[in-house]
K.L.:
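Let me begin by handing over the structure; questions about it come next.
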Amino acid sequence: KLAFSNEAEASEEEIERACQLLNSFGVVGLLFAIIGFIVGLTLMLQDLSYPERLGPCMAVVSTNLYYGVLLRFLCYWATIRIKNRMLIDN
């Protein structure tokens with residue numbers, strides 16, 4: 001049985017589980033972003049006496065935050081689309 005395909009209908013319970021999984025995945029992405037932010041900030045604060053080393057540390061900070069927020073947004077967007085499709089089909 002293929003999930004969310006035209007040949008197979010997903011039950012409301014399966015749809016709710018998929019939305020919960022996507023929500024959890026997005027939250028974990030944000031948590032990893034916060035961990036990466038803390039690691040990058042720690043590296044940056046260790047090397048304040050060497051200004052040429054600040055750039056790579058700032059890149060770690062900003063890249064982790066960017067990908068964490070992007071992952072959370074995509075998971076939220078997918079959840080909304082799934083719920084809207086469920087409302088339209090019913």
Side-chain angles (χ1 to χ4, degrees):
K1 175 174 164 176
L2 300 173
F4 303 114
S5 70
N6 290 335
E7 295 112 21
E9 291 293 322
S11 69
E12 286 186 31
E13 180 181 322
E14 289 173 332
I15 292 172
E16 193 60 38
R17 273 191 285 162
C19 290
Q20 288 174 354
L21 179 69
L22 282 169
N23 188 33
S24 298
F25 192 58
V27 169
V28 168
L30 275 180
L31 290 176
F32 278 120
I34 291 170
I35 291 170
F37 175 80
I38 292 170
V39 168
L41 193 62
T42 304
L43 291 172
M44 190 168 62
L45 292 176
Q46 281 179 342
D47 291 336
L48 284 177
S49 57
Y50 302 106
E52 65 274 358
R53 293 185 187 170
L54 290 179
C57 296
M58 288 175 69
V60 169
V61 169
S62 61
T63 303
N64 281 302
L65 284 177
Y66 172 75
Y67 282 118
V69 170
L70 180 67
L71 180 64
R72 178 65 182 136
F73 171 74
L74 290 176
C75 290
Y76 176 75
W77 179 70
T79 302
I80 295 300
R81 286 204 51 175
I82 290 171
K83 286 184 179 182
N84 285 341
R85 180 178 241 175
M86 182 178 72
L87 289 174
I88 290 171
D89 289 343
N90 290 335

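A quick note: this is a predicted structure, and the numbers were derived from the prediction, not measured.
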K.L.:
Hydrophobic clustering (ILVMFWY, side-chain heavy atoms < 4.5 Å, transitive) - are Y66 and V39 grouped together?
P.N.:
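The answer is no; the residues belong to distinct hydrophobic clusters.
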K.L.:
Which pairs, with at least one residue in residues 21-33 and sequence neighbours excluded, count as a side-chain hydrogen bond (donor to acceptor under 3.5 Å, both in side chains)?
P.N.:
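Counting only pairs at least two positions apart or across chains, the side-chain hydrogen bond (donor to acceptor under 3.5 Å, both in side chains) contacts touching residues 21-33 are N23-R72.
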K.L.:
For residues 49-63, pull every pair meeting salt bridge (charged side-chain N to carboxylate O under 4.0 Å, His left out), keeping only residues two or more places apart or in separate chains.
P.N.:
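Only D47-R53 qualify under salt bridge (charged side-chain N to carboxylate O under 4.0 Å, His left out).
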K.L.:
Roughly how far, to the nearest 0.5 Å, is the CD1 atom of I35 from the CG atom of L30?
P.N.:
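One gets 11.5 Å once the value is rounded to the nearest 0.5 Å.
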K.L.:
For residues C57 and G40, report the shortest heavy-atom separation together with the two atoms involved.
P.N.:
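Result for this residue pair: CB-O, 3.9 Å.
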K.L.:
Let me confirm one number: the NZ-CD distance from K83 to E12, rounded to the nearest 0.5 Å.
P.N.:
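Here the rounded value is 11.5 Å.
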K.L.:
Please round to the nearest 0.5 Å and tell me the distance separating atom OH of Y76 and atom OG1 of T79.
P.N.:
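Going from the OH atom of Y76 to the OG1 atom of T79 covers 9.0 Å.
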K.L.:
If hydrophobic clusters are built by linking Ile, Leu, Val, Met, Phe, Trp and Tyr wherever their side-chain heavy atoms come under 4.5 Å apart, do L48 and M58 end up in the same one?
P.N.:
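Linked, L48 and M58 end up in one cluster.
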K.L.:
If every non-hydrogen atom of G26 is compared with every non-hydrogen atom of C75, which pair is closest and at what distance?
P.N.:
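Smallest interatomic distance, heavy atoms only, reads N-SG, 3.8 Å.
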K.L.:
Same cluster or not: L54 versus L45, using hydrophobic residues (I, L, V, M, F, W, Y) connected whenever any side-chain heavy atoms lie under 4.5 Å apart?
P.N.:
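As far as the 4.5 Å side-chain criterion goes, L45 and L54 are connected within one cluster.
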K.L.:
Given side chain to side chain contact (heavy atoms under 4.5 Å, CB included), test F32 with N64 step by step and report yes or no.
P.N.:
CA-CA 8 Å; F32 278 120; N64 281 302; over 6 Å; no
K.L.:
Same cluster for Y67 and L74 if Ile/Leu/Val/Met/Phe/Trp/Tyr side chains link at under 4.5 Å?
P.N.:
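Shared cluster, yes.
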K.L.:
What pair of heavy atoms forms the shortest contact from S62 to A59, and how long is it?
P.N.:
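What the structure gives for the nearest pair is OG-O, 3.3 Å.
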K.L.:
Can you name the nearest heavy-atom pair linking F37 to L65, along with the distance?
P.N.:
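What the structure gives for the nearest pair is CD1-CD1, 3.5 Å.
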